[in-house]
A.B. asks: 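So that we are looking at the same thing, I have put the structure below in structure tokens.
From a predicted model like this one, the values you see are computed outputs, not experimental measurements. Each chain gets a letter, A, B and so on, in the order the sequences are listed, and its residues count up from 1.
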2 protein chains.
Amino acid sequence: MSENNEKSQIKIEEAKDKVIGAIAETMDLYGVTPAAANLYATMYFKDQMTLDEMRTELEMSKPSMSTSVRKLQEIAMVKKTYTRGSRKHTYVAEKNFFRSFMVFYCQMWEREVKINMNAIEEAQDDLLNVIKESSSTPAMVAEAKKYYDQLEESKTYYHWLEDLIENIETGKIFECIPKKQKESLT
Amino acid sequence: MSENNEKSQIKIEEAKDKVIGAIAETMDLYGVTPAAANLYATMYFKDQMTLDEMRTELEMSKPSMSTSVRKLQEIAMVKKTYTRGSRKHTYVAEKNFFRSFMVFYCQMWEREVKINMNAIEEAQDDLLNVIKESSSTPAMVAEAKKYYDQLEESKTYYHWLEDLIENIETGKIFECIPKKQKESLT
DNA sequence: TATATTGTTAAATAAATTTTTAATAAAGTT
DNA sequence: AACTTTATTAAAAATTTATTTAACAATATA
């Protein structure tokens with residue numbers, strides 16, 4: 001019955017390919033290139049891979065694999081592993097989506113908070129100077145106040161984002177929104 | 001003292017420009033084009049704008065403004081308003097970052113959950129067939145089980161993401177991570 | 001230390017996206 | 001209903017981004 005055997009093997013490959021396609025498709029949300037998205041999705045069903053295995057599997061150039069892997073390492077979706085004996089570097093995909101989520105979004109949001117908070121602090125300084133400056137007309141003072149308050153209001157959001165980041169990084173968020181594990185097949 | 005007046009006006013403009021620059025810079029995180037990012041940041045300090053005002057202010061073409069505005073509407077960062085008397089359409093920027101956050105990320109995560117869950121369900125069906133199929137070799141069954149369990153495990157994440165979405169959309173998340181409002185200047 | 005192998009950087013090519021100009025459609029006014 | 005104004009769509013141009021080929025650097029092995 002080697003025909004049926006083959007059929008089963010094909011079914012397994014089809015099953016993997018469906019998931020690989022879906023992961024790759026949604027990974028544009030993580031701001032990675034199509035090559036990196038395909039690579040991660042492929043690695044999701046592998047123990048570990050070398051650069052040469054990657055380029056064979058995806059039929060792409062080695063530098064493309066190299067840059068893709070580095071990008072994926074930046075967002076902690078891939079880690080380098082040490083494999084004794086082999087002098088090729090080996091890499092493994094992070095298979096825990098919670099960890100990828102944490103690293104990616106916290107990194108992203110931290111950048112957003114930092115850049116915008118810096119700008120806001122500087123802008124509020126400027127606006128306070130206009131407000132205090134005796135030669136400013138009343139209309140200008142009013143305008144400066146309006147913007148100052150608008151910025152102050154927006155800081156509520158950035159502070160909240162900071163708290164969200166901390167709750168995610170410490171795992172405290174799972175007290176509020178728990179993980180619901182199901183049991184396995186075996 | 002019209003010189004000092006001018007200086008104050010310039011200071012106000014500088015203050016705005018700092019924030020506009022920062023918002024535009026971090027808006028690549030929201031997957032919008034530079035034109036749309038600049039547009040939103042500019043509108044953040046305006047009551048409302050028409051397409052013609054946008055193209056004058058940003059020195060870009062009208063179709064570019066038109067498509068940018070539509071993209072911003074999709075992620076609820078801009079809303080159309082009715083202005084009696086004017087036959088030009090007018091648009092306002094959503095200035096509440098919490099609302100933008102909610103719409104953007106929930107939309108994004110919903111898409112991720114839907115696409116991946118569909119693929120996982122189909123893949124698990126295939127894998128179950130392999131497992132049940134009497135002609136599958138023990139090695140194949142073992143492989144199919146391994147992948148099945150890996151996918152089952154990942155569903156914990158997608159279910160959690162669904163719960164996160166719901167907590168954000170209903171505002172329940174603020175019970176867990178509260179907003180900390182500061183008082184205004186006036 | 002020389003050599004072979006692997007990984008990375010740089011320049012060039014290819015592909016995709018963004019923006020503009022030009023044409024069309026839609027809406028409002030007289 | 002014709003005309004004017006505004007917004008959108010389609011095609012073309014320009015820009016940016018992704019990928020590859022080729023050269024270089026680094027590493028490990030003999």
Side-chain angles (χ1 to χ4, degrees), chain A residues 21 23-43 46 48-75 77-93 108 111, chain B residues 21 23-43 46 48-75 77-93 108 111:
Chain A
I23 292 177
E25 188 184 339
T26 52
M27 270 188 69
D28 63 320
L29 300 178
Y30 294 89
V32 301
T33 64
N38 274 317
L39 177 58
Y40 174 79
T42 303
M43 293 179 77
K46 301 265 185 186
Q48 55 172 32
M49 289 184 96
T50 66
L51 285 183
D52 284 309
E53 286 166 350
M54 292 172 196
R55 89 147 150 213
T56 302
E57 185 98 13
L58 303 197
E59 295 177 308
M60 294 189 86
S61 71
K62 209 169 180 179
S64 177
M65 296 299 96
S66 179
T67 49
S68 294
V69 151
R70 185 169 33 200
K71 174 75 188 170
L72 290 169
Q73 282 183 97
E74 275 169 27
I75 54 176
M77 300 193 73
V78 159
K79 286 211 179 64
K80 194 179 246 178
T81 50
Y82 290 104
T83 305
R84 289 170 53 123
S86 165
R87 60 197 215 177
K88 299 187 181 186
H89 299 176
T90 54
Y91 302 89
V92 294
M108 193 166 161
R111 180 176 153 236
Chain B
I23 292 176
E25 188 184 339
T26 53
M27 270 188 68
D28 63 319
L29 301 178
Y30 294 88
V32 299
T33 64
N38 273 318
L39 177 58
Y40 174 79
T42 302
M43 292 178 78
K46 301 265 185 187
Q48 55 172 30
M49 287 184 97
T50 66
L51 287 181
D52 284 310
E53 284 167 351
M54 292 172 196
R55 89 145 152 217
T56 303
E57 185 98 10
L58 303 197
E59 295 176 309
M60 294 189 87
S61 73
K62 208 171 182 179
S64 177
M65 297 297 95
S66 180
T67 50
S68 295
V69 151
R70 186 168 33 196
K71 174 75 189 170
L72 291 169
Q73 282 184 96
E74 274 168 28
I75 53 175
M77 299 193 74
V78 159
K79 285 209 178 65
K80 194 179 244 177
T81 50
Y82 291 102
T83 306
R84 289 168 54 118
S86 164
R87 59 198 216 180
K88 299 189 183 185
H89 299 176
T90 53
Y91 302 89
V92 293
M108 194 165 160
R111 179 176 152 236

A.B. asks: Apply side chain to side chain donor-acceptor pair (under 3.5 Å) to B:E57 and list each qualifying residue two or more places apart in sequence or on a separate chain.
C.D. replies: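 Partners of B:E57 by the side chain to side chain donor-acceptor pair (under 3.5 Å) criterion, ordered by chain and then number, come out as B:K46.
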A.B. asks: Atom NZ of B:K88 and atom P of D:dT8: how far apart are they, to the nearest Å?
C.D. replies: 14 Å
A.B. asks: What is the distance from CG of B:L51 to C1' of C:dA26, rounded to the nearest Å?
C.D. replies: 14 Å
A.B. asks: Identify each donor-acceptor pair in which a side-chain atom of residues 64-73 of chain A lies under 3.5 Å from a protein atom, sequence neighbours left out, and give them as a table.
C.D. replies:
unit_1: A:T67; atom_1: OG1; unit_2: A:P63; atom_2: O; d: 3.0
unit_1: A:T67; atom_1: OG1; unit_2: A:S64; atom_2: O; d: 3.1
unit_1: A:S68; atom_1: OG; unit_2: A:S64; atom_2: O; d: 2.8

A.B. asks: For A:T56, enumerate each residue passing the side chain to side chain donor-acceptor pair (under 3.5 Å) test, keeping only those at least two apart in sequence or located in another chain.
C.D. replies: none
A.B. asks: What is the distance, rounded to the nearest whole Å, between atom CG of A:D28 and atom P of D:dA18?
C.D. replies: 12 Å
A.B. asks: Return the value, rounded to whole Å, for the distance between atom OH of B:Y82 and atom P of C:dA27.
C.D. replies: 11 Å
A.B. asks: For residues 31-42 of chain B, pull every pair meeting salt bridge (charged side-chain N to carboxylate O under 4.0 Å, His left out), keeping only residues two or more places apart or in separate chains.
C.D. replies: none
A.B. asks: Let me know the distance between CG of A:L39 and C1' of D:dA18, rounded to the nearest Å.
C.D. replies: 15 Å
A.B. asks: Nearest whole Å is fine: how far is D:dT8 C1' from B:R55 CZ?
C.D. replies: 13 Å
A.B. asks: B:K62 versus B:R55: any side-chain heavy-atom pair under 4.5 Å?
C.D. replies: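 SC-SC contact between B:K62 and B:R55 confirmed.
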A.B. asks: When you measure from the side-chain N and O atoms of B:R70 to the phosphate of D:dT9, is any distance below 4.0 Å, counting only OP1 and OP2?
C.D. replies: yes
A.B. asks: How would you list, by chain and number, every residue that makes a salt bridge (charged side-chain N to carboxylate O under 4.0 Å, His left out) with B:K79, sequence neighbours excluded?
C.D. replies: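 Per chain and number, B:K79 pairs via salt bridge (charged side-chain N to carboxylate O under 4.0 Å, His left out) with B:E94.
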A.B. asks: How would you list, by chain and number, every residue that makes a side chain to side chain donor-acceptor pair (under 3.5 Å) with B:T90, sequence neighbours excluded?
C.D. replies: B:T81, B:T83
A.B. asks: Could I get the full list of side chain to side chain donor-acceptor pair (under 3.5 Å) partners for B:D28, not counting sequence neighbours?
C.D. replies: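 Once residues adjacent in sequence are excluded, the partners of B:D28 under the side chain to side chain donor-acceptor pair (under 3.5 Å) criterion are A:R111.
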A.B. asks: Could you tell me the separation between the CE atom of B:M49 and the C1' atom of D:dA7, rounded to a whole number of Å?
C.D. replies: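 Taking CE of B:M49 and C1' of D:dA7, I get 17 Å after rounding.
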A.B. asks: How does each nucleotide of nucleotides 19-30 of chain D score, in 5' to 3' order, for protein heavy atoms under 4.0 Å: base (B), sugar-phosphate only (S), or none (-)?
C.D. replies: SBBB------S-
A.B. asks: Would you call B:L51 and B:K88 a side-chain contact if the rule is heavy atoms closer than 4.5 Å?
C.D. replies: no
A.B. asks: Starting at CG of A:L58 and ending at P of D:dA18, how long is that distance when rounded to a whole Å?
C.D. replies: 17 Å
A.B. asks: Work out how much the helix from C:dT1-D:dA30 to C:dT30-D:dA1 bends between its end axes, five pairs an end, to the nearest 10 degrees.
C.D. replies: 20°
